[in-house]
Amino acid sequence: MPSRKYDSRPRMIRHRRVRKKVQGVTERPRLAVFRSSRYIYAQVIDDSAAQTLVSSSSLDSEVKAGGPRGKIDGAAAVGASVAKRAIAKGIKTVVFDRAGYKYHGRVRALADAARKEGLKF
């Protein structure tokens, strides 16, 4: 099997290891986080149906409406936004998938803001 270009990167190794254990089902979907150098994205995914139920990112107009903010404040706004949207759809508990990123900085700010809005991990 040919190797992929980025398979040997430490984050991808951690991500594959975590995804073996973290599975989102209908009762408890997966809150997946993707972090680029500039933006942050969050999705609530039902893996059994292979469907994204709710999503939010730092590019959303709802998140941008708060005015200029730094990366950590923007991540917290994304966490609050995705939690509000999930609760509006009747999703109260999720499995947190940090996608191999360290639970620190922007990833932690997103998770804490989602918990503060009422989403349970």
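Along the sequence shown, the residues carry numbers beginning at 1.
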Item to check | Lys/Arg N to Asp/Glu carboxylate O, Arg85 vs Asp60, below 4.0 Å | outcome: yes

Item to check | Interatomic spacing from CZ in Arg19 to CD in Gln23 - rounded to 0.5 Å | outcome: 5.5 Å

Item to check | Which residues share a side-chain hydrogen bond (donor to acceptor under 3.5 Å, both in side chains) with Asp47, sequence neighbours left out | outcome: Arg30

Checklist entry - Would you say Asp97 and Leu31 make side-chain contact, with heavy atoms under 4.5 Å? => result no

Checklist entry - Are any non-hydrogen side-chain atoms of Ser56 and Val63 less than 4.5 angstrom apart? => result yes

Checklist entry - Same hydrophobic cluster for Ile87 and Val78, using side-chain heavy-atom links shorter than 4.5 Å among ILVMFWY? => result yes

Next on the checklist: Once rounded to the nearest 0.5 Å, what's the spacing between atom CD of Gln51 and atom OG1 of Thr26?
Outcome noted: 9.0 Å

Checklist entry - Do you know the tightest heavy-atom contact between Arg106 and Arg38? => result NH1-C, 4.4 Å

Checklist entry - Under 4.0 Å between a Lys/Arg side-chain N and an Asp/Glu carboxylate O for Glu27 and Lys92? => result no

Checklist entry - Can you tell me how far the CG atom of Asp46 sits from the CG atom of Leu53, to the nearest 0.5 Å? => result 5.5 Å

Item to check | Residue pairs, two or more places apart or on separate chains, that pass ring-ring contact (aromatic ring centres under 6.0 Å, His included) and touch residues 55-92 | outcome: none

Checklist outcome for this item: Smallest heavy-atom separation, Ala42 atom then Leu110 atom, equals CB-CD1, 4.1 Å

Checklist entry - Between Thr52 (side chain) and Val54 (backbone), is there a donor-acceptor pair under 3.5 Å? => result no

Next on the checklist: With ring-ring contact (aromatic ring centres under 6.0 Å, His included) as the rule and sequence neighbours excluded, what pairs involving residues 65-84 come up?
Outcome noted: none

Next on the checklist: Test: ring-ring contact (aromatic ring centres under 6.0 Å, His included). Region: residues 79-99. Which pairs qualify, not counting sequence neighbours?
Outcome noted: Phe96-Phe121

Item to check | Hydrophobic cluster partners of Val22 (side-chain heavy atoms under 4.5 Å) | outcome: Val18, Val95

Checklist entry - Are any side-chain N or O atoms of Arg11 and backbone N or O atoms of Ala99, one a donor and one an acceptor, separated by less than 3.5 Å? => result yes

Next on the checklist: Show the nearest heavy-atom pair for residues Gly100 and Arg14, with the distance to one decimal.
Outcome noted: O-NE, 2.8 Å

Checklist entry - Going hydrophobic residue to hydrophobic residue with side-chain gaps under 4.5 angstrom, can you get from Ile45 over to Val107? => result no

Checklist entry - Which residues pass the ring-ring contact (aromatic ring centres under 6.0 Å, His included) test with Tyr101, sequence neighbours left out? => result none

Checklist entry - Can you check whether Val94's main-chain N or O pairs, donor with acceptor, with Arg28's side chain at less than 3.5 Å? => result yes

Checklist entry - Is the closest side-chain heavy-atom distance between Val33 and Ile40 below 4.5 Å? => result yes

Next on the checklist: By the ring-ring contact (aromatic ring centres under 6.0 Å, His included) test, which pairs, at least two apart or in different chains, include something from residues 56-89?
Outcome noted: none

Checklist entry - What closest approach, in Å, do Ala80 and Ala113 show between heavy atoms, and which atom pair accounts for it? => result N-CB, 3.8 Å

Checklist entry - Are Leu119 and Val25 co-members of a hydrophobic cluster defined by side-chain heavy atoms under 4.5 Å apart? => result no

Next on the checklist: Would you say Leu59 ends up clustered with Val82 if hydrophobic residues are merged whenever their side chains have heavy atoms under 4.5 Å apart, either directly or through other cluster members?
Outcome noted: yes

Checklist outcome for this item: The complete set of salt bridge (charged side-chain N to carboxylate O under 4.0 Å, His left out) pairs with one or both residues in residues 65-74, sequence neighbours excluded, reads none

Checklist entry - Roughly how far apart are Arg98 CZ and His15 NE2, rounded to 0.5 Å? => result 11.0 Å

Item to check | Listed partners of Arg115 passing side-chain hydrogen bond (donor to acceptor under 3.5 Å, both in side chains), at least two apart | outcome: Tyr103, Asp112

Checklist outcome for this item: In this structure, OG of Ser81 is separated from NZ of Lys84 (nearest 0.5 Å) by 7.5 Å

Item to check | For Tyr39, all residues meeting ring-ring contact (aromatic ring centres under 6.0 Å, His included), sequence neighbours excluded | outcome: none

Item to check | Partner residues of Ser58 under the side-chain hydrogen bond (donor to acceptor under 3.5 Å, both in side chains) criterion, sequence neighbours left out | outcome: none

Checklist entry - Sequence neighbours excluded, which residues qualify as side-chain hydrogen bond (donor to acceptor under 3.5 Å, both in side chains) partners of Glu117? => result none

